[in-house]
Amino acid sequence: MAIATPAGTSRRDFFRLSGTLGLAAGLAATLAACGGSENSKEGVITAGISYELGTNGYDPMTTSSALTVAANWHTMEGLTELHPATREVYAALGANLPTMVDDTTYEVTLRDGAKFSDGTAVTIEDVVFSFERILDPGNNSMYAPFIAFIDTVAKKDDTTVTFTLKFPYSLVAERLSVVKIVPKAIVEADGAAFDMNPVGTGPYKMTDNGAGSQALVFERNDLYNGPRPALAKSMTWQVMPDDTTRTNAITSGTVQAIDAVPAANLSTMKDPVKVAAQQGFGLLFIMFNNETLGDLKARQAILYALDYAKICDTGMASLATPATCFVQQEHPAYKEASTVYSYDAQKAKSLLAEAGITSLNVLCTDHGWFSAVRPIIKENLEALGVTITYNEKKSSDAYKYIDTPEGPWDVLVAPGDPSVFGNDADLLLRWWYSADLWTDTRMHWKGTEAYTTIQTALEEGVQLEGDAQITKWQEIFNSLSDNPPLYPLFHRKTPTAYNSETLQNFKPIALTGLSFVDVSSSKS
């Protein structure tokens, strides 16, 4: 292995400690980078990405694909941003973090001289437009619930925007980062073209969207004048969903970093390739069709049918921990939920019989990183003694199948990680349990008594602070565990491999995807 573990330390212990080790290494690399020469900015970065392009493009109002979201970290900016590695909020397109005028009024001044990558100046009109199109119910943006605390967005003057809130809110700076500022004229002229070829203010600009080449290509945006300039001349991200292809690419030096290192391939990594696994919120969830599985007993039966220890220890090679709450144990709001699901085949059979379920249509996405988990889930469900129709599809095809809908389905097993947008419990909850796309189109849960209860609790919680807010979130965690429309099976560590010789200041992240913010390369 590229990183030796101390004597007496198991691989599991190593992964538990790797976050601390990674931080120390990152600090050392930061110091080294500060003394680097301008020549380091002429290097190129190459990466292998496990996720494919989603059903939509790159428009930050609509995109939810792991690949496109990660791309947008590099090509677009919000007024504020959350660093992908540290999760610290910083002023990005804004000159400073939001200024509080009073409890429900905030102002942000634009960074002086900011331009989009096509050379046009960023205006306050662009800022207002970017927020209003997400808040517009007619656009059905999945990001709207994240900024539902905003009442109005208005131009104060040519350089300042004013946000009026519906109520006092403690996470304004963090949540403004959800909205990426886009050029109003370009989006209004041809939204579809913008979706596939975005124009932003970030440190890089995209020159190939990967639609035809299966490779995303970025060049340094020389017009960028913000706090985190591109430290490489260009980047190329190869789309490599196949585990073997991706592993061979990093071990052969074809790419300098890959995400989602398969557990079976961890031992193949040799110096200078390093491996780190960061614990985060990222999870594998099970979603229920609440029209066909409206009986709570049926949904609970499926959750009790799964052998979580085998799934996590064997299927995930101990890179995952069974969910005992909606959030992972390391999360600040964590508390063991009132209902914790564990393997109980007899209870599962009994509950399913009481619910009158005799067949199940099960759909799984085919992401490589949990390929060893799917046979275990299939085996567990088949042991229920009911007819199981099992199918695997690419993520985009699976959601198209559900959203259209193309055919019958009862259960979907898929990964998710809304922590790419922020880590507070309210945001993580709203991703699945508030947006109509999930609650109505997919789960068919909207309008139920349980749905209404959760929405009320979310609105109450967002107006609280401190311990009272955490207590409210924990009440929601309990409600969802007791009566789940969608629920996590486990939270996972994200294993990343990278070339420690050619990449400077690279930090593995706990999020889905790869980040090259503040990263330079000696590769030409």
Side-chain angles (χ1 to χ4, degrees), residues 283-316 320-327 335-365 370 373-392 402 407-414 416 429 432-433 438-439 442-454 474-491:
L283 50 78
L284 186 71
F285 66 81
I286 189 164
M287 181 173 72
F288 303 104
N289 182 340
N290 286 261
E291 283 186 342
T292 61
L293 298 179
D295 191 325
L296 172 60
K297 292 178 181 178
R299 303 194 298 276
Q300 290 185 326
I302 293 168
L303 288 165
Y304 281 118
L306 303 180
D307 188 341
Y308 296 92
K310 187 175 182 181
I311 286 171
C312 292
D313 294 341
T314 302
M316 289 296 294
T321 305
T324 56
C325 177
F326 173 70
V327 294
K335 182 180 180 181
E336 184 174 297
S338 51
T339 300
V340 175
Y341 295 94
S342 57
Y343 184 41
D344 191 334
Q346 288 305 119
K347 185 173 185 177
K349 290 179 181 179
S350 177
L351 286 170
L352 206 61
E354 290 178 34
I357 301 297
T358 58
S359 65
L360 289 170
N361 292 288
V362 180
L363 182 62
C364 286
T365 62
F370 73 100
V373 169
R374 291 192 288 273
I376 301 172
I377 291 176
K378 183 173 182 286
E379 178 185 14
N380 290 161
L381 295 180
E382 288 175 340
L384 287 171
V386 300
T387 301
I388 301 294
T389 301
Y390 179 86
N391 202 355
E392 293 181 13
I402 288 173
W409 74 278
D410 301 303
V411 174
L412 171 71
V413 179
L429 286 163
W432 282 299
Y433 303 111
W438 289 99
T439 64
R442 292 177 176 170
M443 297 182 217
H444 306 294
W445 178 59
K446 184 177 181 179
T448 65
E449 182 179 350
Y451 167 86
T452 302
T453 298
I454 295 299
Q474 291 171 345
E475 291 175 6
I476 298 174
F477 299 159
N478 287 340
S479 295
L480 292 169
S481 72
D482 296 341
N483 190 355
L486 174 153
Y487 206 67
L489 302 182
F490 59 69
H491 298 95

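Predicted model, so just to flag it, every value in this text is computed and none were measured.
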Measure from the side-chain N and O atoms of [X] to the backbone N and O of [Y], and report whether any donor-acceptor pair falls under 3.5 Å.
X	Y	result
Gln474	Glu336	no
Arg374	Thr365	yes
Arg442	Ile402	no
His491	Phe326	yes
Tyr487	Phe288	no
Ser350	Gln346	no
Thr387	Ser359	no

Heavy-atom side-chain contact between [X] and [Y] under 4.5 Å:
X	Y	answer
Pro484	Leu296	yes
Asn290	Thr448	no
Leu489	Leu303	yes
Tyr451	Pro485	no
Leu360	Leu293	yes
Val373	Cys312	no
Tyr308	Thr324	no
Leu363	Asn361	no

Quick one: pull up [atom1] in [X] and [atom2] in [Y] and give me the separation to the nearest 0.5 Å.
X	Y	atom1	atom2	value
Arg299	Leu352	CZ	CG	12.5 Å
Ile476	Leu429	CD1	CG	5.5 Å
Met316	Ile376	CE	CD1	10.5 Å
Lys349	Asp344	NZ	CG	11.0 Å
Lys347	Lys297	NZ	NZ	11.5 Å
Ile302	Leu381	CD1	CG	6.5 Å

_Parallel, tilted or perpendicular: ring planes of Phe285 versus Trp438, cut at 30 and 60 degrees_ = perpendicular

Give the minimum heavy-atom separation between [X] and [Y], together with the two atoms involved.
X	Y	answer
Ala305	Asn380	O-CB, 3.2 Å
Asn289	Trp409	ND2-O, 3.0 Å
Pro488	Leu283	CB-CD2, 3.7 Å
Phe477	Ala337	O-CB, 4.4 Å

_Is the distance from the ring center of Tyr304 to that of Tyr341 below 6.0 Å?_
yes

